[in-house]
Amino acid sequence: MKEKLIGKCVRLLHSKYGNKEESSANREIVEQMIFYHLHRTVNITSARNALRSIRNAYIDYNEVRITRQQELSRLLEEAGVPQEKSFVIKGLLRAIFGKESRLCLEHLRELDRARFCERLKKIEGMDDAVIEYI
């Protein structure tokens, strides 16, 4: 009886909120940074929806970096995120690209924690809270 009730609750939650998304540990570093900034403004469900919208609308984060500000603002607003976050996201992507000449930071995972943090701190606008989240 209990198991049946739990199963029904889980199905209702899945129908309302969607399937469980991959954990942040499985996300790319750049995606974790973007999610962190989204989640600072809105609830976790809206942040997930906004991240999903970005993934669906663009091929990769380089395309997000070069897209028109208005397009990203509109997309975020439709997902329930204030338009101002588009400036934060684009600024973050530009800073990463300017420092690394690419948007993939996965090679940093091989570093120990101290060197990892040191490299991230060299990226303009990177604060300790973002680094701690990653």
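Rounding to the nearest 0.5 Å gives a distance of 8.5 Å between CG of Leu72 and CG of Leu93. In this structure, CG on Leu76 lies 10.0 Å from CG on Leu51, to the nearest 0.5 angstrom. The structure places CG of Asp127 at 5.5 Å from OH of Tyr36, a figure rounded to the nearest 0.5 Å. Between Glu78 atom CD and Asn49 atom CG the span is 12.5 Å, to the nearest 0.5 Å. Going from atom CD of Glu71 over to atom OG of Ser86 covers 11.0 Å, rounded to the nearest 0.5 Å. Between Met33 atom CE and Arg27 atom CZ the span is 13.5 Å, to the nearest 0.5 Å.
Shortest non-hydrogen contact noted between Lys90 and Val64 is NZ-O, 3.3 Å. Listed here is the closest heavy atom pair of Ile44 and His39: CA-CD2, 3.4 Å. Across Phe87 and Gln69, no two heavy atoms sit closer than the pair N-NE2, 3.2 Å. Residues Ile134 and Gln32 approach most closely at CA-OE1, 3.5 Å, considering heavy atoms. When every heavy atom of Cys117 is checked against every heavy atom of Ile131, the shortest pair comes out as SG-CG2, 3.5 Å. For Glu106 against Glu28, the heavy-atom pair with the smallest separation is OE2-CA, 3.2 Å.
Every residue meeting the side-chain contact (heavy atoms from CB on, under 4.5 Å) condition with Ala79, not counting sequence neighbours, appears here in chain and number order: Ala50, Ser53. Legend: residues meeting side-chain contact (heavy atoms from CB on, under 4.5 Å) with Glu77, ordered by chain and number and at least two apart, are Gln83.
In the hydrophobic cluster analysis, where Ile, Leu, Val, Met, Phe, Trp and Tyr join through side-chain heavy atoms closer than 4.5 angstrom, Val30 is grouped together with Tyr133. Taking hydrophobic clusters as Ile, Leu, Val, Met, Phe, Trp and Tyr residues chained together by side-chain heavy-atom distances below 4.5 Å, Ile96 shares a cluster with Val130. Both Ile89 and Phe97 are members of a single hydrophobic cluster when ILVMFWY side chains are connected at heavy-atom separations under 4.5 Å. In terms of hydrophobic clustering, with Ile, Leu, Val, Met, Phe, Trp and Tyr side chains grouped at heavy-atom distances under 4.5 Å, Ile66 and Leu92 are assigned to different clusters. In terms of hydrophobic clustering, with Ile, Leu, Val, Met, Phe, Trp and Tyr side chains grouped at heavy-atom distances under 4.5 Å, Tyr58 and Leu105 are assigned to a common cluster.
A heavy-atom distance below 4.5 Å is found between the side chains of Ile54 and Tyr61. Side-chain contact check for Lys85 versus Val42: every heavy-atom pair is 4.5 Å or farther apart.
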For a side chain to side chain contact (heavy atoms under 4.5 Å, CB included) check, start with the C-alpha distance between Phe116 and Glu110, then their side-chain angles and the critical distance, and finish with the verdict.
CA-CA 8 Å; Phe116 176 81; Glu110 298 170 5; over 6 Å; no
Please evaluate residues Met126 and Lys99 with respect to the criterion side chain to side chain contact (heavy atoms under 4.5 Å, CB included), reporting the C-alpha separation (whole Å), side-chain torsions for both, the decisive distance (0.1 Å), and the verdict.
CA-CA 12 Å; Met126 191 63 55; Lys99 189 68 178 164; over 6 Å; no
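The environment of Glu124 atom CD is sparse: at most 12 non-hydrogen atoms of other residues, nucleotides or ligands sit within 6.0 angstrom. For CD of Glu132, the number of neighbouring non-hydrogen atoms (other residues, nucleotides, ligands) closer than 6.0 Å is 12 at most.
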